[in-house]
Amino acid sequence: MALYATAASVLAGVESRRGSIKGLVYASSFQNVKQLYALVCETQRYSSVLDAVITSAGLLRAEKKLRPHLAKVLVYELLLGKGFKGGSGGRWKPLLDRHQARLKAELARLKVHRGVSKNEDLLQVESKPGPASQVPRFVRVNTLKTCCDDAVDYFKRQGFSYQGRASSLEDLRALKGKCFLLDPLLPELLVFPAQTDLHDHPLYQAGHLILQDKPRACSACQASCLPAVLLAPPPGSHVIDACAAPGNKTSHLAALLKNQGKIFAFDLDAGRLASMATLLARAGVSCCELAEEDFLAISPSDQRYRQVQYILLDPSCSGSGMATRRLEEPGAGTPSKARLQALAGFQRRALCHALTFPSLQRLVYSTCSLCQEENEDVVRDALQQNSGTFRLVPVLPSWPHRGLGTFPGAERCLRASPETTLTGGFFVAVLERVEVPSSVSRAEAPAPPPEAAPRRKRRRRAAAPGVPPGTEQEGKR
């Protein structure tokens, strides 16, 4: 059946970091998205259990053409799902019939080994919902297509109760039913109760709403909006989005620019860029140039980027702050030391590379990680390598959760967690180029040549009026 093959493809995409379950499900061509989403979520929830059963039953050794992700989906449906009744298993039913007895025996043996009697009890503790599951649903109004007042009015006509602008985190915690609020900090950000699903809503389908569920940016929270807001490029600016897919931050940048200016968006994954192009088209973005390129391979001296003054860098990270990733990908919340070192090395290279763009004035570095190695340590090292050229900017003084005090000025960075800010876990740092005072510039400028005698001066003026050759060209560099 197409259902099982599509579910296997979504699982593969999640494990290779191409997107979240929900994002990949809705990007698929499968018509019954609710059925597909439920199957993928449940399969992923029991992922470690299914791996153990499939391995001990020797299914993949016996069926060498059966792909691991498809095997996991099929075994879930056989043992833990609805089962294969009638012809629902399609061409896979004969294969499963051959191994059904062994698979059931291995599941029973696993229950005995773990001392449980119910399938639900096999779930690992980390797969069960925790406090982070109560993070509200944050929805950005796309100002390229509508305004916040019109979106609020639309929801009110649908029976939602608008509670005005929130004044505290307690207001957000108290949200229930069909009530919603305006975010206390960020403009154009609406806040709904946790678990609110608006993927089928007409405003989302029309691109008037952006659901902030980026797989690398703290699913459904302010974290997806803060980097663009803190970068704050004015209309007409040239901006680089260095690791752009799946595109929520890019669309937000375009809204801040009012589609005036230029966004250069880079990502190495062709599939993610294709999904991103669809998202940007639906959002009405017209100022973005997508490129399937490695940002680290882009030359800062390339004339195309000579006017780039703003860079948003949201690199691949461990995702240790993402509640949804911890639920969808068991073990994602505790990255190994080796993986942390590899990620931090890439992040450090990307940040230092971004700081070499000659016209750069402001940069935002963000991750959805809780790990110091990917956050404060990366920023500290980049600042040390660019000492005197860039500085950390203090932002959002009322934000309650600041950077770890691992180096002077680290408190200017922002951190977040479900407990302190009612969001997913994330980190943001804003760097600006240090302006050289005009008095220093004049002092360091080369002194003009001594004035010649009047007679000599008249001869030079006649022969070569204006600036000396080469001076004007050097001033343009």
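The shown structure was predicted, so the numbers you read here are calculated from the model rather than taken from an experiment.
- Identified under the ring pair (Phe, Tyr, Trp, His ring centres under 6.0 Å) test for residues 226-251, with sequence neighbours left out: none.
- Arg165 places a side-chain N or O within donor-acceptor distance of the main-chain N or O of Asp183, the cut-off being under 3.5 Å.
- Note that CG of Leu36 and OG1 of Thr6 are 6.0 Å apart. Values are rounded to the nearest 0.5 Å.
- Put simply, OG1 on Thr367 and CG on Leu343 are 10.0 Å apart, with the number rounded to the nearest 0.5 Å.
- Judged purely by atom type and a 3.5 angstrom limit, Asn259 uses its side chain to pair as donor or acceptor with the backbone of Gly284.
- Ring geometry for Phe266 against Phe295 counts as tilted: the plane angle lies between 30° and 60°, on a 0 to 90° scale.
- The two residues Ala410 and Leu404 come nearest to each other via the heavy atoms CB-O, 3.0 Å.
- In this structure, a donor-acceptor pair under 3.5 Å is absent between the side chains of Ser275 and Thr278.
- Between Ala416 and Trp399, the shortest heavy-atom distance links the atoms CB-CZ2, 3.9 Å.
- Checked by atom type and distance alone, the side chain of Gln205 pairs as donor or acceptor with a backbone atom of His199 at under 3.5 Å.
- Ion pair Arg348/Glu373 not flagged as a salt bridge, since none of the NZ, NE, NH1 or NH2 atoms sits closer than 4.0 Å to an Asp/Glu carboxylate oxygen.
- Residues Cys413 and Asn375 form no side-chain contact, since every pair of their non-hydrogen atoms from C-beta on lies 4.5 Å or further apart.
- Rounding to the nearest 0.5 Å gives a distance of 7.5 Å between CG of Leu296 and SG of Cys243.
- Counting heavy atoms from C-beta outward, Leu189 and Leu182 have side chains that stay 4.5 Å or more apart.
- A donor and an acceptor atom, one from each side chain of Arg45 and Tyr76, are nowhere located under 3.5 Å apart.
- With a 4.5 Å cut-off on side-chain heavy atoms, Leu360 and Phe390 count as touching.
- Sorted by first and then second residue, the salt bridge (Lys or Arg N to Asp or Glu O under 4.0 Å) pairs with a member in residues 383-403 read Arg391-Glu432; sequence neighbours excluded.
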Notebook entry, point to check: Checking ring-ring contact (aromatic ring centres under 6.0 Å, His included) for the pair Tyr162/Phe155: CA distance, chi angles, key distance, verdict?
Noted result: CA-CA 8 Å; Tyr162 178 55; Phe155 278 110; 9.9 Å; no
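- The two residues Gly388 and Val434 make their nearest non-hydrogen contact at O-CB, 3.7 Å.
- Counting heavy atoms from C-beta on, the side chains of Lys72 and Asp51 come closer than 4.5 Å.
- In this structure, the side chains of Pro358 and Ser301 stay at 4.5 Å or more apart for every pair of heavy atoms.
- Looking only at atom types and distance, the side chain of Gln163 has a donor-acceptor partner in the side chain of Ser161 under 3.5 Å away.
- Side-chain N or O atoms of Asn142 include none that pairs as donor or acceptor with a backbone N or O of Ile210 at under 3.5 Å.
- Using the six-membered ring where Trp is involved, Tyr365 and Phe427 have ring planes that are perpendicular, over 60° apart on the 30 and 60° scheme.
- Summarising the geometry, atom NE2 belonging to His69 is positioned 12.0 Å from atom CG belonging to Leu50; distances are rounded to the nearest 0.5 Å.
- Ion pair Asp314/Lys249 flagged as a salt bridge, since at least one NZ, NE, NH1 or NH2 atom sits closer than 4.0 Å to an Asp/Glu carboxylate oxygen.
- A heavy-atom distance below 4.5 Å is found between the side chains of Leu290 and Leu280.
- Atom OG1 of Thr250 is separated from atom CG of Asp241 by 3.5 Å, given to the nearest 0.5 angstrom.
- With hydrogens and angles disregarded, no donor-acceptor distance shorter than 3.5 Å links the side chain of Lys145 to the backbone of Leu209.
- In plain terms, the two heavy atoms of Leu392 and Gly409 that are nearest each other are CD1-O, 3.6 Å.
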Next item on the list: In sequence, state the C-alpha distance, the side-chain angles, and the governing distance for Phe138 and Phe192, and then conclude on side-chain contact (heavy atoms from CB on, under 4.5 Å).
Entry: CA-CA 6 Å; Phe138 292 87; Phe192 292 81; over 6 Å; no
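- Formation of a donor-acceptor pair under 3.5 Å by the Asn386 side chain with backbone atoms of Thr389 is not found in this model.
- With hydrogens and angles disregarded, a donor-acceptor distance shorter than 3.5 Å links the side chain of Gln347 to the backbone of Ser316.
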Next item on the list: Mind running side-chain contact (heavy atoms from CB on, under 4.5 Å) on Phe407 and Asp377 for me, showing each step along the way?
Entry: CA-CA 9 Å; Phe407 66 92; Asp377 290 358; over 6 Å; no
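- Within 6.0 Å of NZ in Lys258 there are 12 or fewer heavy atoms belonging to other residues, nucleotides or ligands.
- Proximity of Cys288 to Lys262: side-chain heavy atoms (C-beta onward) are nowhere separated by under 4.5 Å.
- Side chains of Arg140 and Ser251: a donor on one and an acceptor on the other come within 3.5 Å.
- No option in Leu230, Leu431, Val430 other than Val430 meets the side-chain contact (heavy atoms from CB on, under 4.5 Å) test with Val393.
- Inspection of the His201 and Gln158 side chains reveals an N or O donor paired with an N or O acceptor under 3.5 Å.
- Looking at Glu374 and Ser318, their side chains do bring a donor and an acceptor atom within 3.5 Å of each other.
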Notebook entry, point to check: Should Phe180 and Thr196 be marked as a side-chain contact (heavy atoms from CB on, under 4.5 Å) after you check the CA-CA gap, both sets of side-chain angles, and the distance that decides it?
Noted result: CA-CA 10 Å; Phe180 72 108; Thr196 302; over 6 Å; no
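- From Glu170, atom CD reaches atom CG of Leu422 across 8.5 Å, with rounding to the nearest 0.5 Å.
- Scanning both residues, Ala382 and Leu351, for their nearest heavy atoms gives CB-CD2, 3.4 Å.
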Next item on the list: Could you walk me through whether Ser417 and Thr420 pass the side-chain hydrogen bond (donor to acceptor under 3.5 Å, both in side chains) test, one step at a time?
Entry: CA-CA 5 Å; Ser417 69; Thr420 60; 2.8 Å; yes
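- Side chain of Ser359 to main chain of Arg306: a donor-acceptor pair is present (N/O by atom type, distance under 3.5 Å, no hydrogens or angles).
- Under the 3.5 Å distance criterion, the side-chain polar atoms of Asp302 are left unmatched by any main-chain donor or acceptor of Tyr305.
- Under a 3.5 Å cut-off, the side chain of Thr146 and the backbone N or O of Thr143 do not form any donor-acceptor pair.
- Two residues are said to be in side-chain contact when any heavy atoms from C-beta on lie closer than 4.5 Å; Val239 and Gln309 fail this criterion.
- Inspection of the Tyr310 and Gln361 side chains reveals no N or O donor paired with an N or O acceptor under 3.5 Å.
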Check: Would His401 and Leu414 count as a side-chain contact (heavy atoms from CB on, under 4.5 Å) if you check the C-alpha gap in whole Å, the side-chain angles of each, and the deciding distance to 0.1 Å?
Finding: CA-CA 6 Å; His401 196 168; Leu414 305 182; over 6 Å; no
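- Of all non-hydrogen atoms in Pro418 and Gly424, the two that sit nearest each other are CD-C, 4.4 Å.
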